[in-house]
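Worksheet for the structure shown next.
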Amino acid sequence: MRLVLVGPPGAGKGTQAELLKTKLGVPHISTGDLFRAHISQQTDLGKEVQEYLDAGELVPDEVTNEMVRDRLAQPDAANGFLLDGFPRTVAQATVLGEILAADGHALDAVLEFRIPEDIVVARLLARGRADDKEEVIRHRQQVYRSETAPLLDHYADIVVSIDAVGEVDEIGERALRALRGDR
Ligand code: AMP
């Protein structure tokens, strides 16, 4: 299954992706995790992107898209993937469509995590990642609303939405039911 997870920062996409990858048998590909790995290994790419992550700004597309292109070309992604944090803009979605179409593939679904902003902000304040300072958190929510939320219209035909408020296991069940098309 070729799946994209969409939802505001702090919605629990990464946690759910870790649950779902076992059930669906596809790798969890998080662009945020890939960037953070580059930063901690102090690669050239890591040095280039650090300031964007620290500020909660999107990394430029030419860097992000090529990193994703390389990752999707790895053998473990040949039969599907759970993309978490990409695409984050309609322009990135267009590039993803081209990458998949080149191999005759397409996305199966876009899973939307619906959750009120005050809940995610409280959650992120408690999490304490390097970019979890209040000002940066608020900025990331703003970037989500203006840049990423329009993806839900872009992908309207394949969006499956779930209520992402609740316990981790319960949300995982909702996700699986929604992806199976159950009500
Ligand atoms: P995340 O772990 O998904 O919250 O991403 C953390 C940070 O990584 C974001 O605030 C951006 O700086 C950067 N990032 C992750 N994914 C993307 C993307 N698709 N496009 C641009 N920047 C991204």
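Quick note: numbers below take in every heavy atom, side chains included, and nothing from hydrogens, waters or symmetry partners. Both counts, for ligands and for their atoms, begin at 1 and track the order of listing.
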Open item on the list: In the structure I gave you, are the side-chain heavy atoms of Ile162 and Leu111 within less than 4.5 Å of one another anywhere?
Closed with: yes
Open item on the list: Do the side chains of Asp132 and Arg127 get close enough for a salt bridge, i.e. N-O under 4.0 angstrom?
Closed with: yes
Task: Check: Asp163 side chain, Val165 main-chain N or O, donor-acceptor pair, under 3.5 Å - done: yes
Task: Contact list for residues 151-162, test side-chain hydrogen bond (donor to acceptor under 3.5 Å, both in side chains), sequence neighbours left out - done: Glu112-Ser161
Open item on the list: Please determine whether a side-chain nitrogen of the Lys or Arg among Lys21 and Glu18 lies less than 4.0 Å from a carboxylate oxygen of the Asp or Glu.
Closed with: yes
Task: Arg71/Asp76 salt bridge by N-O under 4.0 Å criterion - done: yes
Under 3.5 Å: N or O atoms of ligand 1 paired with protein N or O:
| unit_1 | atom_1 | unit_2 | atom_2 | d |
| --- | --- | --- | --- | --- |
| ligand 1 | 2 (O) | Arg36 | NH1 | 3.0 |
| ligand 1 | 2 (O) | Arg36 | NH2 | 2.9 |
| ligand 1 | 3 (O) | Arg88 | NH1 | 3.1 |
| ligand 1 | 3 (O) | Arg88 | NH2 | 3.1 |
| ligand 1 | 4 (O) | Arg88 | NH2 | 3.3 |
| ligand 1 | 4 (O) | Arg129 | NH2 | 3.3 |
| ligand 1 | 5 (O) | Arg88 | NH2 | 3.3 |
| ligand 1 | 12 (O) | Glu57 | O | 2.7 |
| ligand 1 | 16 (N) | Thr31 | OG1 | 2.7 |
| ligand 1 | 16 (N) | Gly85 | O | 3.2 |
| ligand 1 | 16 (N) | Arg88 | NH1 | 3.0 |
| ligand 1 | 19 (N) | Gly85 | O | 2.8 |
| ligand 1 | 19 (N) | Gln92 | OE1 | 3.0 |
| ligand 1 | 20 (N) | Gln92 | NE2 | 2.9 |
| ligand 1 | 22 (N) | Val59 | N | 3.0 |

